[in-house]
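Below is one structure, written out as structure tokens; comments come after it.
Everything numeric here is computed off the predicted structure, so don't read it as measured data.
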Amino acid sequence: MPTQVPWLIFLLPFFSFLFIGLVLRPFLSKYPRVGGYLTIGTVGISCALSLWVLGAVIAAPDHMLLVDDIQWAVVGNLNIHIGVLVDALTAVMVVVVTFVSLMVQIYSQGYMKGDPGYLRYYAFMSLFTACMLGLVLANNILFMFVFWEGVGLGSYLLIGFWFHKPSAANAAKKAFIVTRLGDFGFLAAILILYAQTGTFDTGTLYKLVAAGTLAGTTLTWVAIGIFSGAAGKSAQFPLHVWLPDAMEGPTPVSALIHAATMVAAGVFLVARFYPLFSHSTEAMTVVAVIGAFTAIFAASIGLVMNDIKRVLAYSTISQLGFMMLGLGVGSVAIGIFHLFTHAFLKALLFLGSGSVNHGTGTFDMRLMGGLRKAMPWTYITFVIGALSLAGIWPLAGFWSKDEILVSAFTNNPVLFGLAIITVFMTAFYMFRAIFMTFHGEYRGGAEPEHGTHGDSHSQGPHESPAVMVVPLVVLAVLAVCIGWINVTGFFSQLMGSGEAEAVSFVQGFFGVLTHPLPLISLIVALLGILLAYAMYCASVRKRDRKNDII
Amino acid sequence: MNLNLLSWIIFLPVIGIVIIALLPKPGQKTVKWIALSATLASFLVSIAVFLMFNRSEAAIGQMQFEEKLLWIPAINSYYHLGVDGLSLPLVILMTFLGVISVLVSWKVELRPKQFFIWVLMLESSILGVFCSLDLILFFLFWELELIPMFFLISIWGSGRKEYAAYKYLIYTLVGSAFMLAGILSVYFITHTFDITALRGIQIGTSFIPLTVLFFLLMVGFAIKLPVFPLHTWLPDAHTNAPTAASVILAGALLKMGGYGMIRLCVSMLPQVALQYAPVMCTLAVIGVIYGAAVTLRQTDLKRLIAYSSVSHMGYVLLGIFALNQVSLTGASLQMFSHGVITGLLFAMVGLVYDKTHTRDLNNLSGLARQMPIIVVVFSIAGLASLGLPGTAGFVAEFITFAGSFTSVAVAGMKIFTLIAVIGIVVTSGYILWMLQRVFYGYPLDKYNGVKDADAVEMISTFAVVAVIMLVGIYPAILTNVIYMGIEPIAKLIGM
């Protein structure tokens with residue numbers, strides 16, 4: 001494989017951003033569609049190249065590709081190179097980012113149709129995707145920080161996309177400032193690393209940690225600093241406050257932010273510097289405890305939200321807590337595997353909520369109901385996503401969640417207890433959302449002036465166009481079967497953790513069901529679904545009468 | 001071959017002044033075109049100097065493009081010019097902002113002839129400060145700058161312009177008085193005004209303690225930079241000055257302070273600098289945090305940017321008195337990057353004010369719809385100011401932090417640095433808040449008729465954006481040059 005390929009993965013979306021911003025928008029704004037096609041095309045090629053890179057990494061004996069560096073600046077003994085690091089973690093991440101981004105861009109063709117900011121939208125989306133890819137590919141903590149901030153900028157621009165709404169402008173500002181608060185720790189960690197080691201290079205840092213040169217309190221503070229940055233972007237308690245407000249952006253943006261880019265960045269960062277964390281017990285404990293607490297805390301808020309996007313937002317925070325827990329008590333493979341499956345199914349759920357919004361003009365679940373007849377495709381795919389997120393065998397979410405539960409169980413009973421309660425809550429709030437949205441009777445949708453789209457909703461809810469449904473179906477298929485790649489421990493081996501056996505008590509597609517632990521989590525999840533059914537479906541008429549909502 | 005390029009750079013604006021002055025009743029357009037040509041010519045010559053600047057190892061620490069003529073034989077004073085890696089970026093900065101400030105004044109209609117004469121004289125005098133290698137010449141240019149700035153603020157300013165002009169005048173004169181005492185002391189001790197000879201000079205006996213000498217010079221520079229608590233002239237002067245004067249004031253004039261500190265205080269008295277570095281770093285950190293905190297409270301756009309300068313100049317002071325090679329490089333780069341970024345911010349505020357006739361954040365809202373180009377440029381300037389990677393602001397701040405964090409010159413430098421880093425979080429707060437108040441939210445009907453940037457405004461602001469991005473993406477273009485000047489100074493301190 002030519003070594004330029006990893007560079008191209010990043011450069012193509014970046015080129016798309018520059019071309020739209022510098023050529024299309026000033027001179028060819030009469031043809032906004034070109035911007036959409038260009039973005040889809042470049043991200044599509046990036047996605048194909050990412051798969052190629054992933055294939056090459058799988059084939060490579062040590063799951064690593066070597067790519068040459070470029071010199072950027074020399075200031076005295078401050079010598080900075082630019083380069084890419086292609087290992088299994090990077091390869092998996094680029095595939096996730098480009099694929100989810102591609103699905104979101106295609107979907108946006110329908111969702112953003114006719115928006116006056118269409119070109120601006122695609123320019124920002126390209127920038128956002130490019131920065132995330134740059135972050136994932138960089139082999140140098142300083143450049144990771146550069147793209148890290150770029151991701152922050154992208155989210156600022158996209159959350160505040162409808163800037164004429166004060167709520168959107170506020171949410172964008174809040175997201176940027178809260179994540180910047182976390183970045184203070186990240187920057188401090190970089191400065192400590194530079195002062196201690198004089199290098200920014202990731203590979204060199206790994207070696208220094210392995211050799212024991214970088215150890216003790218310093219290492220703990222570095223790790224905690226990095227985690228503080230990660231907690232900002234990945235919305236860990238107490239820096240989670242920006243994420244629910246970030247719903248002010250267009251829904252495909254939420255899907256991208258929640259699945260593959262912004263929030264995944266934090267988890268990725270911890271995974272990238274995992275060798276640093278794993279040499280500090282204190283840092284690992286902090287990650288695990290904050291993760292577990294965030295998981296149960298956010299899930300408990302998700303139980304009572306009435307806005308479908310906010311349910312999903314708190315669900316994301318909770319699942320990110322799960323990933324951090326997986327990293328804290330387990331390994332890179334465990335945390336990233338959950339990121340991997342969650343990316344597809346959360347993108348699916350968000351795009352599904354966008355489809356519901358497209359059909360009804362509202363996000364308020366109290367104004368929905370009975371949509372399963374009007375929007376069958378959205379309904380089926382949403383249910384698949386919800387089942388997968390709830391961790392029902394044999395869907396994708398089950399496999400990754402099971403590994404985290406196993407690691408928590410072997411590590412600390414309290415963390416396991418928190419996690420299993422979270423599983424229950426997750427199943428409950430997802431199915432509460434489904435029963436409120438898709439079952440029962442239609443409760444009227446939005447008042448005309450609440451509609452975000454110009455088109456009329458007077459004829460009642462309707463299914464979304466094919467350009468929006470197709471990405472849903474593709475993602476639904478993945479939400480079912482993407483978890484199977486680790487049934488035999490393939491994914492764990494790729495991630496290079498020698499602990500592939502410790503991941504699960506028992507292996508195999510049906511084999512897992514022979515151990516009590518997966519059965520317990522399944523039963524807990526099913527109980528959550530049943531409770532939701534009892535409260536929001538079986539007695540829906542009674543409930544409707546009680547809470548006269550309009 | 002000696003083309004006297006530095007003299008050309010300094011005196012091309014003066015030639016512009018002479019032409020404007022001699023023309024009987026020139027039209028407005030003529031005056032503007034002459035001013036533009038003069039500043040542009042000076043800028044092009046400075047670019048030529050930048051390209052011809054010798055970056056080889058052998059030239060490290062050497063003054064280049066030197067010119068030396070005996071001027072006042074009685075006191076051994078020379079007309080002595082020269083640039084090194086420290087001053088060259090600042091010369092480029094000034095000539096560049098000179099062009100920009102003429103372009104942003106394209107719509108000045110009040111006494112344009114005088115206005116542009118003062119602007120050109122201001123440029124000349126600041127360039128003179130950066131190029132002088134003789135203390136008397138240096139002081140002459142330093143004082144000369146006061147006159148045009150005083151008239152620019154008091155005639156073409158707004159609000160309490162006379163108050164601001166006098167405040168500026170008094171502050172600077174007080175600083176200059178101390179500085180003159182310092183310069184004369186230097187002469188009586190060393191019997192030379194030659195700045196190149198003073199670098200790393202071993203002072204044997206002195207009639208006053210070296211600490212006193214250090215602070216005599218330091219006070220003048222500290223007022224100019226400005227260092228907390230000597231900064232109070234700055235918000236008034238910036239706020240009430242016309243746009244062009246604000247651009248030059250924030251962009252280039254403040255840097256005379258930082259330049260002087262490195263060139264004289266640190267180079268001549270490195271041991272005293274080392275001794276008092278903890279004090280200066282404390283003031284720097286207070287400036288960063290206090291400046292940023294006060295900025296958060298501002299509702300006048302110009303005053304907001306002015307206070308942000310107090311905060312950003314704190315990074316320069318921190319970089320200088322962390323006293324190692326990386327931090328000094330960072331400080332020099334921060335001077336350049338703050339110059340272009342804040343220059344652009346003031347230019348953008350000027351544009352918004354021209355069009356809406358208000359700078360009060362409470363009266364502005366939703367302008368993004370009405371000014372789609374201005375919002376983009378203003379946002380880029382703001383993001384650069386808050387240190388977003390990819391812009392000059394990030395590179396300069398990061399190099400400064402990396403240098404000061406690793407500095408062993410001062411105990412507790414790590415703590416100072418970390419406190420200063422908090423400043424960038426607060427900065428993102430006030431910058432984004434400002435952008436939101438001005439551009440986002442509901443568009444106001446009263447601004448429906450306002451125009452977006454016209455061709456001249458686009459050219460001037462896009463040019464600055466290009467420089468900000470260039471330095472942000474490829475900082476080596478400047479750091480390689482700065483290295484030439486900083487390396488020998490860092491060696492003096494032995495760090």
Honestly, the part of L191(A) sitting under 4.5 Å from a heavy atom of chain B is both
| said: Here's one to test your reading of the geometry: is the NZ or CZ of R55(B) within 45 degrees of the ring axis of F50(B) and under 6.0 Å from its centre? | reply: yes
With no hydrogens and no angle check, do the side chains of S327(B) and S407(B) hold a donor and an acceptor under 3.5 Å apart? no
CZ (R437(B)) and CG (L435(B)) are apart, to the nearest 0.5 Å, by 12.5 Å
Whatever's closer than 4.5 Å to a heavy atom in chain A on I422(B) counts as both
Does a donor on one side chain and an acceptor on the other come within less than 3.5 Å for E248(A) and S167(A)? yes
CD1 of I192(A) to CZ of F405(B), rounded to nearest 0.5 Å, is 4.5 Å
Would the number of heavy atoms belonging to other residues, nucleotides or ligands and lying under 6.0 Å from CH2 of W221(A) be above 12? no
So, the part of Y156(A) with a heavy atom under 4.5 Å from chain B: the answer is side chain
To the nearest 0.5 Å, atom CZ of F336(B) lies from atom CD1 of I341(B) at 10.0 Å
Whatever's closer than 4.5 Å to a heavy atom in chain B on N170(A) counts as both
For this session: Please confirm whether the backbone N or O of F186(A) pairs with a side-chain atom of D183(A), one donor and one acceptor, at under 3.5 Å?
Result: no
Expected contact set for residues 366-386 of chain B against chain A at heavy-atom separation under 4.5 Å reads A368(B), R369(B), L383(B), L386(B)
